[in-house]
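One structure is given below, encoded as structure tokens.
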Number of protein chains: 2
Amino acid sequence: MVKKLSERQEHILTYIKDFLDEHSYPPTVRDIQTGCNISSTSVVDYNLRILQRDGYLKRETEVSRGIELLGSNKPKIQDFVSVPILSNIAAGDPLPVTTQDNWNHENTETLDLPTFLVDGKDDVFGVRVKGQSMIDAFITDGDLVLLEPTTNAVNGEMVAAWIQDNQEVTLKHFYLENGTVRLQPANPMMDPIYVPADKVSVQGRVVGVIRSVN
Amino acid sequence: MVKKLSERQEHILTYIKDFLDEHSYPPTVRDIQTGCNISSTSVVDYNLRILQRDGYLKRETEVSRGIELLGSNKPKIQDFVSVPILSNIAAGDPLPVTTQDNWNHENTETLDLPTFLVDGKDDVFGVRVKGQSMIDAFITDGDLVLLEPTTNAVNGEMVAAWIQDNQEVTLKHFYLENGTVRLQPANPMMDPIYVPADKVSVQGRVVGVIRSVN
DNA sequence: ATTTATACAGAACATACGTGCGCAAACCGC
DNA sequence: GCGGTTTGCGCACGTATGTTCTGTATAAAT
């Protein structure tokens, strides 16, 4: 039972949406009336009832501006997390240490992400993968890698590790085996890297990857 | 000049915030009155004026519910896009065709994603990668793959392709070469699959990948 | 031809809701 | 104490705003 909306109903719907973008409260019946060139409030009410019946919005009776958009029209007022994005990381540099305290809210580029990507982690930040050195089997050029700052990785976790001798950051699975760190590519075809523990520093734990094609 | 808010003003502010979380419209003066155990509407008005003067909110005079929170209290209204998530895809089934029209707003699981992942694409939907058949070099078990429905892929694009003879959906780069489709794994170690064009149907173009570790 | 459903118009009604006024209690420096 | 400001109270007024009733027009259904 997919009802097609009349032109007027579409108009009303987009009007409400636009109104909510400009103000922070819903429009009144009369706002909609003048905004959509409707000659009577009862017509607005009539169409609002239809929109409500078909699940496009919800109305609170007897309440002024008691309109709530539903479904795809619903404005998402929701918990998401702004994470700083470190860009322009030179290929051979360690990641600059970034925490809540020292990242500049004004100058740093940020991205708002759904909470589920960050849940339970602290100070998550993003790094845009550039060039080949950071690429692993399931991470490729252009990916946005989400990292949780840490210096102590648990064996098996994928981490961003700064390898002093190579002067580079790499993304690998981390294993500390009596004094030596084994950095294991996820790609089984690639050989692991062995580094003395004091020549490698863990900079973050990979908590997510986001790739946008095009 | 940081004015310290009175206990009552704090209470009002948090009440408005909570109210906005539950409803999709701001509270009235009287809502605040009862919600904060205040005995008179004028007291609410008095404190609202102070909160407005100190920049915590904005009021539209003569407008019911004309309250807008500002600053850190401001609810971030972000344009997120709800995409339906197809779960429980049996390993050997084609993806069910899902469009704006036929996906059930009530029953389908959705995920709210930042717009940049979906910009310019239509009817994007997500598929949770399960098992091995869909895995490619840069996509692994558990990833959420974002697809734009299409049946006509451009050479080189990564697509979800239904291979009739194998009865499975696979994610590969698509190349149509005089009557034969070459499905090329991103992993150069893996061999391409050649399929007659009439035995393969493109179901969607990969527009993004999201991986959440843990 | 009659009925039924949809869509709109105009106006009146009822209440939801912001605002203003007078006054009291509490607080504050002197 | 005393004046002043801040904060709170109760109430009433008036507008803002949802609701409803009556009526019309059109098209499809019977």
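Letters A, B, ... are given to chains in the order of the sequence lines, protein chains preceding strands, and every chain is numbered from 1. Computed over heavy atoms, backbone and side chain alike; hydrogens, waters and symmetry mates excluded.
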Completion exercise
Here the gap from A/R53 atom CZ to A/L51 atom CG, rounded to the nearest 0.5 Å, amounts to 9.0 Å

Exercise for the section: Would you indicate what A/L48 reaches in the nucleic acid, counting non-hydrogen atoms under 4.0 angstrom: base, sugar-phosphate, or nothing? Expected result: nothing

Problem - Sequence-distant partners of A/Y15, side chain to side chain contact (heavy atoms under 4.5 Å, CB included), two or more places apart - result: A/F19, A/P27, A/D31, A/I32, A/C36

Problem - Check: B/G142 main-chain N/O paired with B/R128 side-chain donor or acceptor under 3.5 Å - result: yes

Practice task
Check the distance between C/dT6's C1' and A/I50's CD1 and give it to me in whole angstrom.
Solution key: 8 Å

Handout entry: N/O donor-acceptor pair under 3.5 Å between B/R65 side chain and A/S64 backbone
Key = yes

Practice task
Answer yes or no: is there a donor N or O on one side and an acceptor on the other, between the side chain of A/T150 and the main chain of A/A153, under 3.5 Å?
Solution key: no

Practice task
Write down the distance between CZ (A/R49) and P (C/dA7), rounded to a whole number of angstrom.
Solution key: 14 Å

Handout entry: Relative orientation of the end axes in the helix from C/dA1-D/dT30 to C/dC30-D/dG1, expressed as an angle to the nearest 10° (five pairs per end)
Key = 30°

Handout entry: A/L57 CG - D/dG18 P separation (whole Å)
Key = 13 Å

Problem - Protein-nucleotide distance (A/Y25, atom OH; D/dG18, atom P), rounded to Å - result: 13 Å

Exercise for the section: Using atom types as modelled and distance alone, determine if a side-chain donor or acceptor of B/D143 lies under 3.5 Å from a backbone N or O of B/R211. Expected result: no

Practice task
Output yes when A/K17 and A/D21 qualify as a salt bridge under the 4.0 Å nitrogen-oxygen rule, no when they do not.
Solution key: no

Problem - Footprint string (nucleotides 8-18 of chain C, 5' to 3'): B base within contact, S backbone only, - free, heavy atoms under 4.0 Å - result: SBBB----SBB

Exercise for the section: Can you tell me the distance, in whole Å, between the NE2 atom of A/H11 and the C1' atom of C/dA7? Expected result: 17 Å

Exercise for the section: Report the C-alpha separation of B/V83 and B/L117 in whole Å, then their side-chain angles, then the decisive distance to 0.1 Å, and conclude whether the side-chain contact (heavy atoms from CB on, under 4.5 Å) test is met. Expected result: CA-CA 11 Å; B/V83 302; B/L117 282 168; over 6 Å; no

